[in-house]
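Values below: every heavy atom of this structure, side chains too, minus hydrogens, waters and symmetry copies. Counting convention: from 1, in listed order, for ligands and their atoms alike.
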Amino acid sequence: MEKPIQINIKSHLINKFAQAGINLTPQSLKLILDVEDPIQKGKKIIEKSSTIPEFSSHITLDILQKIDDEEIHSLLKDYHENHPELIKRDSNPDISSEIEGLEQLVEEQIAKELEIQSGSEKTPNEKNVSKTDTEDILSNRKEKRSERIKKNNSEPIEVLKKKKKSKVKENIPPKTEKKLLRGSQNSVFSMNAIAKDYDTDLKILRDPTGQIWTSGDYEDFYDLMTDKFNKLKNLMKKRPGASAATNIINLKRLNEDTDVTVMGLIDGIRQTKNGHYFMTLEDTTGKMNVLIKKYIEPPEFKKTAEGLINDQMILIKGLYRPGEKGKRGIIFAEEVYKIDIPMSYEFSLSEDPLSVALLSDLHVGSREFEEKLWDRFIDFLHGRFGSKKEKEIAGRIKYIIINGDLVDGIGVYPNQENDLVISDIYKQYEKVASLLSDIPEYIKIIYSPGNHEPVRNAIPRPAIDKKYTKDLLDLGVECVGNPCLIQTHNVKSLVYHGDSLLDLNLLVPGLENNRPEKTMKELLICRHLAPIYGKKTQIAPTSKDWLVVDEIPAIFHCGHIHINGLGEHRGVQLVNSGCFQAQTDFMKSFGIQPTPGIVPVVELDTLTPYSIKLK
Ligand code: FE
Ligand code: ZN
């Protein structure tokens, strides 16, 4: 049994690391708790780890080894000598030696397949004579496979009831509001603001606020990974053909070549020297080697294989070959799938002709906040700016979602004070309140925090504390956490600041900062908002995984990249809302050319998107 004091130290440590945006493996946490003064040592590790080049916000025993500290080194030495199982569990198994033998195995497999292909030109009789059992399996599998692929890509998978769009309501009596705290400019409308005639219909379907503090036990890490695995597995199971999947432990009992289906999280993927993809797939029962040949067909499988990253849930169908003489077996993948969303999902839509405007990254308080563009946005909302069509669009806006980085914050990055015109966080919120008070009062504002807000950096984040948002609450602003799932007039929007987008753009070929909607599509395909664990994205060790996309939204809204982008994936409207901030030196260093002043507006009855250009 642990003493309560130990639990307090643990909880304190985990919070300290989480606040610094650093994840710890359970083994590293154990080691830190074993030192004489864990709190002091924790501080030192937070400080020193950032100077290690290969450190990516994830403390492992390997990283601790690189920290110059005698006490840590002597504990590590003790672990090596007396607890080798800890060391082994902490890092990925070294598979480099296995890869050597693999190239040969792949060539053998290819030769076998080629033999069978040329065999198919022979008469049926000749074929039968020369075939072994294994070859039998191999020759049948091509036909079976193409049938399966056809089936897997067919639809529908999950079908939801679709709310039929009704006729636009006419002559609805205008609604009177009790409080008139907002919209001092309401009297000067030069358009017909039909949104005025409808009541707000907002539901917060999922909000991490108040539910994401860790118990302080390092078991939270296990719980998080287990929860992620189970949730993603349940989503994958809905794919046609996935019900045949077997646990990895069952494969190990096979002693002849067998067609198999398995699903699991990728635990280490690399390309062999000939360009094939070799990985370890893990489920709750064990690990399995999988090889995807570089010329896997059809091309969509090749594309999927190229974009695979660690910690991702995939489904593999292929041929399992048991290892000879005590060696581990391997699956030669023939089909590879990510979870994705069903092709014919029907979204519930609004019955009323209303819209939502999607904003993020105003960075109020920053020298580069473009207040002129904001003023123009206010003019647009009031019908004082834009074409006839744009005025009509403005008149339908019933909701505004602000998806993070509303303020620039303080102490977010070194020397930030040089870039601030308002260097007091409370004053930044005062300014925000005055900016938002110009929004017509019939428009409901929803505010969810990003990485610049005064809240922890690791996702998921709770709503901003009332001590900052009192004025906003008085204006009727709904403050929620991030990510969150909200429903406005029947339409579900997944609101996620987008912290992981930069990581993914670096890792996955074909993804780039200039096309944020493509990266967002990839998140939907993975059904996870931060599919890779332990890069720059800071993920808090909560016991539940809030980042799994288990409900399919009609609108998927991100920000963070400061580049506007619209896209669509299987009916989901993808929106990156750009920003209201000019290029900062920090962005310049990333080569990001922001697109301030482009406001996306999406119709809730049709999901039609518009870009309002304020410049
Ligand atoms: Fe931002
Ligand atoms: Zn951001």
- With sequence neighbours excluded, residues passing side chain to side chain donor-acceptor pair (under 3.5 Å) with Tyr399: His489
- Please name all residues satisfying side chain to side chain donor-acceptor pair (under 3.5 Å) with Ser448, sequence neighbours left out, ordered by chain then number. Asn482
- If you measure from CG on Leu265 to NZ on Lys228, what distance do you get to the nearest 0.5 Å? 6.0 Å
- Note on the structure: Value for OG1 (Thr304) from CD (Gln312), rounded to nearest 0.5 Å, stands at 9.5 Å
- Any side-chain heavy-atom pair of Ser360 and Asp405 under 4.5 Å: no
- Minimum side-chain heavy-atom gap Phe377-Leu359 below 4.5 Å: yes
- Item | Tyr468 ring center within less than 6.0 Å of Tyr426 ring center | yes
- Item | Test of ring centre spacing under 6.0 Å for His557 and His497 | no
- Message: Could you check whether Lys372 makes a cation-pi contact with Trp374, meaning its NZ or CZ is under 6.0 Å from the centre of the six-membered ring and within 45° of the ring axis?
- Response: no
- Query: For the Zn ion (ligand 2), which protein N/O/S atoms are closer than 2.8 Å?
  - Reply: Asp405 OD2, Asn451 OD1, His497 NE2, His560 ND1
- Protein N/O/S atoms under 2.8 Å of the Fe ion (ligand 1)? Asp361 OD1, His363 NE2, Asp405 OD2, His562 NE2
